[in-house]
Every structure is written in C-alpha cells, then in structure tokens.
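Residue numbering restarts at 1 for every chain, and letters A, B, ... go by the order of the sequence lines.
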4 protein chains.
Amino acid sequence: MKARVQSRRPTRRELQAEARRRQLIDTGLALFSEKGWENTTIRDLAKSAGVAQGLIYHYFESKEALLMAVVERHGFLPEVCRVLGPAYDRPASEVLLEVAQALHRLLREKAPLVRIFVREAHTGRELVKGWNELLRHGAKHLSQYLAARVSAGELRPHNTEVSARMLLHTVAMFQLSGAPAKYLPELVDTLLNGIKGPREAKDA
Amino acid sequence: MKARVQSRRPTRRELQAEARRRQLIDTGLALFSEKGWENTTIRDLAKSAGVAQGLIYHYFESKEALLMAVVERHGFLPEVCRVLGPAYDRPASEVLLEVAQALHRLLREKAPLVRIFVREAHTGRELVKGWNELLRHGAKHLSQYLAARVSAGELRPHNTEVSARMLLHTVAMFQLSGAPAKYLPELVDTLLNGIKGPREAKDA
Amino acid sequence: MKARVQSRRPTRRELQAEARRRQLIDTGLALFSEKGWENTTIRDLAKSAGVAQGLIYHYFESKEALLMAVVERHGFLPEVCRVLGPAYDRPASEVLLEVAQALHRLLREKAPLVRIFVREAHTGRELVKGWNELLRHGAKHLSQYLAARVSAGELRPHNTEVSARMLLHTVAMFQLSGAPAKYLPELVDTLLNGIKGPREAKDA
Amino acid sequence: MKARVQSRRPTRRELQAEARRRQLIDTGLALFSEKGWENTTIRDLAKSAGVAQGLIYHYFESKEALLMAVVERHGFLPEVCRVLGPAYDRPASEVLLEVAQALHRLLREKAPLVRIFVREAHTGRELVKGWNELLRHGAKHLSQYLAARVSAGELRPHNTEVSARMLLHTVAMFQLSGAPAKYLPELVDTLLNGIKGPREAKDA
DNA sequence: GATGAATGAGCCTTCATTCAT
DNA sequence: AATGAATGAAGGCTCATTCAT
C-alpha cells in the first residue's frame, strides 16, 4: 500500500505479499471459471494454492471479495471499448471484420472470466453490474459507429442498434459454443449484404 | 406410470399420486427458475408445496432427478422444431419474421425453464445435453430451410448456418435482455437486405 | 404445535419430539451453566445429548435461540414475585426472615440459571432484559412491602429502597459466594435492629 | 525489568520497551473492559495500539498473560485494604460513611478493571483468585474493625461478618447498578440503626 | 401415501499463535 | 524491537438424504 503511494522501493516482503495476492487471485480465476464460484470452496482454493485456508482471509475479506478482486484484475471493459470504438471515418466493410475478429479473440483470451460472468450473471451480485455495463457499452459504441457510417452514406439508413446486436451477439455465441474464427468473414458479409438473392436485392 | 402404459382405469390413489407428482414438478419449476437450482433447498420445495420434506423423495430419487423431471415435463424441443421447421416452399421474406416472432413468443412463455437452462448450462450436468440438443436442432432446422430457399433462388448462396444463427441468437438475446418484440421486423429486414447502402450493394 | 391449539391427543411421535426438545434444553441449561454460553459449542451440546449436531437446528433456530428457550423454560420471575410479595399485613419481624430464606432457597435451586444470567448479564443480549426486569421487580416489591410496614408503624420512616436492596443483595451475594443459610437470621436481625449499641440506639 | 532491580541507568531502548509495555497494558485494559476479554482479539489490540500483532507476543506470553498484566498493574487490593482498614479507635458512626463513600469512589475510578473482574469472575481462570482475595480481605478488614467497635462498646454484640458484608455488597451493587452516591448516608444509617420503629426497638 | 425426526458431511469464517525477515 | 505473512484448529450453521412411524 505505502509502496504505491510513496514511490519508495518495495521491500522483498512486500513483493512476496503482492505475489501471493496475485497467486490467490489467479487460483480464484482458474477454479471459479472451472467449477463456478458457488461450487468452489475455500478449501479448494487453499489446497490449489498450496496455502492454509486462513491465509485467504488475510488477503481478502471474504470469498466474494476474492471474486471481486478476480474481476477487477482480469476485467476487460477497457479493451472491449477499444475494440468496439473504431475510427469513425474508416469504412464498415473494413472495420466490422476487424471488430468481429478482435472481439472473438478477446473473448477467447478472457474465456475464464467470461465463463464466470455468464455463470454469475443471474445472482444479482454486485459483480453483475460491471457485466451489464460492459454489454451496454459494447452495443452502444458499435451502434454509434454504424450510425456514423450511415451518415457518411456508406450504409443504408436502418436501426443500427439492431445490427450492432446482431454482430455482437452472434460473435459472442460463436465464441461460447466454440465455433472457430473462420466463420467470421461470412458473418460480416451476411450482415453487410443480407441474404436475399441479387434480383430481390436490387428490387428492394 | 402403469396407468399410462396399460390403459387400465387408474385408481383414485394413482390419480392423486400423479397430481402430487405434477404439483411437485411445478413447484420445482417455479422455485428453480426464481432462485436457481443450487439455491433452492428441499425445505423450500416442501414448504412451498405444503408437504413434508420426505415426500419429495417418495416421488423423485434426488433433487437432481426433480430437476430432470421438470425439464422433461416442461421441455419444448418439439415446439422449437415446429417453429423453426417451416414449410420449405414459402418465401423467406414471409417466413423469417413469423419464425422470429414465434420464437420470441415461445421463449417468453417458457421463460422459467429458459432461466433454468441458462443458469445450469455450465454445470456439466446431464441436463445440459438436452439444452445443447435444442440449440443444435434449432439452428439445423432453420439452416436447412434457408438452404432450401437458396436452392429455390430466393436467397443468394451463402453459409446458411451462419445466417440461421444470426437470427436465433439475436432473437434469444433480445428475449433474455427483455427487448420488446417491435424490433423483430427490423432484425429480419437487416438479415435479408444487409446494411450496405444501395451504391455499395450494387458494386458488391 | 397443533396439539396445543386443538386439544387433540398428541401422537407418540409428537411426544417424543417434545421430550427431545426438553432434553436439549436441559442439556443446554447444564452446559451453559457449567462453562458459559459462549464457551459451549454446538458439538458439546450434541455430544452431551447424544445426537447429531444438525438436530439442534431442527429444534432451535440458533445457539442463541436455545439459550432463550432455556431461560424461558427455567425462568423463575413468577416465583421471585411470589416470594417477594408477602402479605402486607404481617409484621416484618416475621416476614423478612421468611423472604430471605425463600430467596436463598430459590437461588440455590435455580443456581444453574442464575449462573447463566450472571455470566451473560454484560453481553447486551436480549436475555439481559429479563434479568434486569427480575431484579427491579424484586427490589420494588420488597420495598413497597417495607413502606407498608412503615405506614403500619412497625418500621421507622426511612428509605425503604435502600433497606430492600440491603437484604436482597446480601442474600444474593451470600448465595453466590456459597455462604450457608444459617447466617440469614443474623442478617435479618441486623437489618431490623441495626448494629449500634443499646445506649446509642436510644439516643438516636 | 533489570532497570528496576539494579538501579543502573536504563538505556533508551529499555525505556522505550517499558513504555510500549505500558501502552499495550493500557490498551488491554480499555478493550477488555469495553468488550470483554473473550471478545477482544489480538487484532483488535494491535490495531488499537497501532502495532503489529506479533509485537504483543514479544511482550506477553499469551493473550491471557496480557490480562494478568493488566490486573497486576491496575489492581487495587492495597487501596481497598487502606479504605477498609480504618483507624480502630474512631467511632463507627463517623467511619462507616467514610468507608462507604471511599469504596464507592474507588469502584468508580477503577470501573474498567472492575468490569473485567465481574465478567471473568466465572471462568475459573487464575485471575479469579485475586478477585476473591480482594473480596475476602475487604470483608475481613471491615469485619475486624466492627468487632473492635463492639469491644469498645459503641456497637452491640453481633456477627460482624454479616454486617460487614451488608455494607460492602450493597455499596458494590449500588456501584454496579449505577446508583448515585447520595444514598450512601441512608445506607449507613440503616445499618447502624436498623429499620425497626422506636417502640419495637426498645422492646427488642 | 405421508410425515418429520435424525444424520453427517461440509461450508465460510475467526482467531490465537508462530516465525522468517 | 518490530512486522505481518502463514498456520491450523475450531465454531456456528446448512442441507441433501434416510428411515421409523
């Protein structure tokens, strides 16, 4: 704590403590993601980390606090915003695939935390707020970008919230169901061009 | 059980037993959906049903068996198949909106069971198989219909699995996030026509 | 429960359950009195009663609820009131010794509960209210009786609250410190006659 | 320690250590008196004293040892003896009120330690011996003084142990129940003169 | 068919104490 | 002298499940 406020060089013990803290958080991430938070016992955590049960309470106030610490350290809302907040003057035909692929990759990298979020999404725990925030931000950012491209004349006028959700939800479900990334170009193509045949498309 | 196999007239006792069984299943549906299966105790169930705890074990082997019975009775895979397996010779421009709306309505009607599925989807329990089955069947049926419409020349050739999933997942997420049905036409329209502007659409 | 509301004959099981409840309360009385409530574990109680730990929670909501049940069943406020509310027209020279002896005997009989009260008196628990009530009632009753005897001319005018407390506290402390009952007559005699020598007593 | 035995000039370090020791004892007195010994954790003590938990074990063998140290430093048996061992040749009519008032004041000043004694009096700990010692000494001293006054002819012959306890216990309970000092003269008056009316008193 | 008393394993958390630094 | 990380043994309580009635 002090070490961060005053820019004093941290002692070896402080470093060790911080390492232990990280270790416990990572153990939490692994076990929570594997078995769910509710099905992970303090015993599991302690055994898996190779420490006594009591030590966990030296670093975290409760089992729930550990969960929050896991989310805080491994959270990825900033990355989601970066991924979904693309340059507004680049064409959607380029950007959307990049967005889809970046999101797909991000979700895969953060798969353990995503699993935790999905599992705990219903518990009404504080944690859920961050998750919903994340979902709403993502949809909003992409939707605004699409609206900008409509204004720029690249895209036809339409409800961009709907199209944004089509992309996000489908990518997310692809990831959750383990579908490979190779379908992403087809997904973006379908979103851009629709599925109607050429004759009908011209008529519309 | 016997009463249904052999078409013998069921005794009054058998009728009462069947009614009890149904009552317990419905109580299970309500409580599991409200608080989650893991957070529902046998005591809760018994109290809510107005019976003794022991009686539940007279009708079901375990708490998990009750969950399976709930899923079995209130499952809706047939309905999903019916909804998603439309007449192959009707045009997608008519059918897809019907499908989207029917699915939206079905998910709303079956909301309690859906909630259970979503919550328990991760537990690796037997139950999950049914859920995945349902998802796969749904996507497959719709995908095959779309392929038929491609063959019929109504839709352009494309990966119909992807487009089928775009529809299903987006409708499902709409339902889960509480979005109203009024967006469904725009969803279908976007899927059919894409979001590109007319000039680019012609270029493509 | 029903058995008490409707005057139906209780079944054997109900009787057994009531017996078990009493047994647990008596076990609680014994252990709480011996080691104190805080130092008595659920394990102790269960082992001493020869039942599983969980059973205690079948009969009582919590360890504290068991304590309250003990107090409720073995409480003795009514008896205290009876002992300390003597016939107002009998002379103090007879009554006070009877009161002292009755109180001494009562405290000895109820020694286990008294010990519990004394130990828990400081915890600010709900329980304490009953105890204080008891003390206040006792002092008040006796004080009023003494005032009546002053009016009757038997006792000289004085602060009867003080003299009531002198009797009660001294008897109580005698009991707590294990002093035998044989000192009680001397106690009452001293209270009635004071300790001044005859000459000074006449001067006063 | 050495510093006190050998009258060598204590080093700065020794002085600091002694100060620390006193600080910890005073912290112990405050917390033990406020929340009780059993409900005070080492963590509480360390936090309240602004030191690390481990340091407490540098100065005291155990939590119980700290309690004993508190009692040792803040004990007041000598003062009690002084208060209760009055000049044997002064009349009780003067002395007893002084004794009652001095005891009342002493108990109020030492209230924190008294609270500790009262709370821990039942635990069968070593500590209790000191407490009982104190009680016995007090009663004995006062009793002997009263006996001397009997011999001197000021007081009538009676069991002076009983009258001594009447005074002590009542004063103590007055203090514990928060009664104000203004009742003390009436208490002493009642003890000296009894509560019988003049006619009966003469008859006796 | 129905009851609810009884079980026993397990959960989260607390805390006095030790010890390497 | 001082720190605080680490331990390990309980402690109160919950709950799915069994079984005698």
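Residue C:R12 places no side-chain N or O under 4.0 Å from the OP1 or OP2 atom of F:dT21. Checking the phosphate oxygens (OP1, OP2) of F:dA2, a side-chain nitrogen or oxygen of D:Y59 falls inside 4.0 Å. Regarding contacts with the backbone of F:dT14, every side-chain N or O of B:R43 stays at 4.0 angstrom or more from both OP1 and OP2. Phosphate contact (OP1/OP2 of E:dT17, side-chain N/O of D:Y57, threshold under 4.0 Å): present. In terms of phosphate contacts, D:H58 brings a side-chain nitrogen or oxygen within less than 4.0 Å of OP1 or OP2 of F:dA1.
Position along DNA chain F of the nearest nucleotide to D:G50 versus A:G50 favours D:G50 as the more 5'-ward residue. With the nearest nucleotide of DNA chain E identified for both D:G54 and A:Q16, D:G54 has the one nearer the 5' end. Sequence order on DNA chain F of the closest nucleotides to C:T41 and A:A17 puts A:A17 first from the 5' end. Nearer the 5' end of DNA chain E, as judged by each residue's closest nucleotide, is the contact made by A:Q53, out of A:Q53 and D:Q53.
Of the candidates F:dA5, E:dA5, F:dA16, the closest approach to any side-chain atom of C:L55 belongs to E:dA5. Here the nucleotide nearest the side chain of B:K63, chosen from F:dG12, F:dA16, F:dG4, is F:dA16. Out of F:dT17, E:dT13, E:dT17, the shortest distance to the side chain of B:S62 is found at F:dT17.
Each of D:V114, D:I116, D:T40 was checked for a side-chain contact (heavy atoms from CB on, under 4.5 Å) with D:S33, and the lone residue meeting it is D:I116.
Helix-axis bend for the helix from E:dA2-F:dT21 to E:dT21-F:dA2: the local axis fitted to the five terminal pairs at one end deviates from that at the other end by 10°, rounded to 10°.
Counting only distance, with no hydrogens or angles, the side chain of B:W37 and the backbone of B:K63 share a donor-acceptor pair below 3.5 Å.
With respect to D:E72 and D:R21, no salt bridge is recorded, no charged nitrogen being found less than 4.0 Å from a carboxylate O.
Residues D:A46 and D:I56 share a closest heavy-atom pair of N-CD1, 3.8 Å.
Residue-to-nucleotide contacts include a donor-acceptor pair under 3.5 Å from the side chain of A:R13 to the base of F:dT3.
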Next item on the list: Begin with the C-alpha distance, continue with both residues' side-chain angles, and end with the deciding distance and a verdict on salt bridge (charged side-chain N to carboxylate O under 4.0 Å, His left out) for B:E38 and A:K35.
Entry: CA-CA 13 Å; B:E38 308 213 61; A:K35 326 197 300 183; over 6 Å; no
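Taken from CG in C:L29 to NZ in C:K110, the straight-line distance is 8.5 Å, to the nearest 0.5 Å.
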